[in-house]
Amino acid sequence: MYLYRMEVTIEGDRIPVIVAAENDQAAFSLVDVELEKYFLKPPEVDDATLYEKKRIHRGGGFVLPPKETG
């Protein structure tokens, strides 16, 4: 099992998404599921990018960088 840190672009906004999955294909599918749970209406995702993938173990985690402003 892996922990994935991903980012999706929806209408120009970049949204971080963290999921736990067995493989990359399952992770991308879970991103869609989590977005459907979060938004009232399923959003149209312009882009999905995988940033980090780590094996799940006690004490593992990610640091989320501050949102870049332009």
Side-chain angles (χ1 to χ4, degrees):
M1 183 73 76
Y2 295 93
L3 192 60
Y4 291 81
R5 181 173 76 89
M6 306 175 94
E7 191 170 274
V8 297
T9 304
I10 299 172
E11 297 179 1
D13 292 328
R14 296 186 316 188
I15 301 168
V17 180
I18 309 294
V19 295
E22 291 290 336
N23 56 51
D24 296 357
Q25 184 177 4
F28 279 97
S29 294
L30 283 171
V31 167
D32 292 336
V33 171
E34 292 303 320
L35 289 173
E36 287 176 16
K37 290 179 190 174
Y38 185 79
F39 292 98
L40 294 176
K41 177 182 172 190
E44 185 170 328
V45 176
D46 300 324
D47 185 48
T49 305
L50 170 60
Y51 279 94
E52 289 185 81
K53 173 183 174 183
K54 294 181 178 178
R55 282 200 177 275
I56 292 178
H57 60 86
R58 184 178 295 227
F62 290 115
V63 172
L64 298 178
K67 200 171 196 174
E68 295 179 21
T69 58

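Counting only N and O atoms by type, the side chains of D24 and Y2 include no donor and acceptor under 3.5 Å apart.
Hydrophobic clustering, with ILVMFWY side chains joined whenever heavy atoms are under 4.5 angstrom apart, groups V45 together with F39. Under a hydrophobic-cluster definition in which Ile, Leu, Val, Met, Phe, Trp and Tyr are linked whenever side-chain heavy atoms come within less than 4.5 Å, directly or via other members, I15 and L3 are assigned to different clusters. Linking ILVMFWY side-chain heavy atoms closer than 4.5 Å, directly or via other members, places L50 and I18 in two distinct hydrophobic clusters. Under the 4.5 Å side-chain heavy-atom criterion for Ile, Leu, Val, Met, Phe, Trp and Tyr, Y38 and V17 are members of the same hydrophobic cluster.
Here the OG1 atom belonging to T9 is positioned 5.0 Å from the CG atom belonging to D47, to the nearest 0.5 angstrom. Rounding to the nearest 0.5 Å gives a distance of 11.5 Å between CD of E52 and CD of E7. Rounding to the nearest 0.5 Å gives a distance of 5.5 Å between CG of N23 and OH of Y4. Considering CZ of R5 and CG of L64, their distance stands at 6.0 Å, rounded to 0.5 Å.
The side-chain heavy atoms of M1 and E22, taken from C-beta on, include a pair separated by under 4.5 Å.
Residues A27 and V19 come closest through the heavy atom pair O-CG2, 3.8 Å. E44 and I10 make their closest contact through O-CG2, 3.9 Å (heavy atoms, listed as atom of the first residue, atom of the second, distance).
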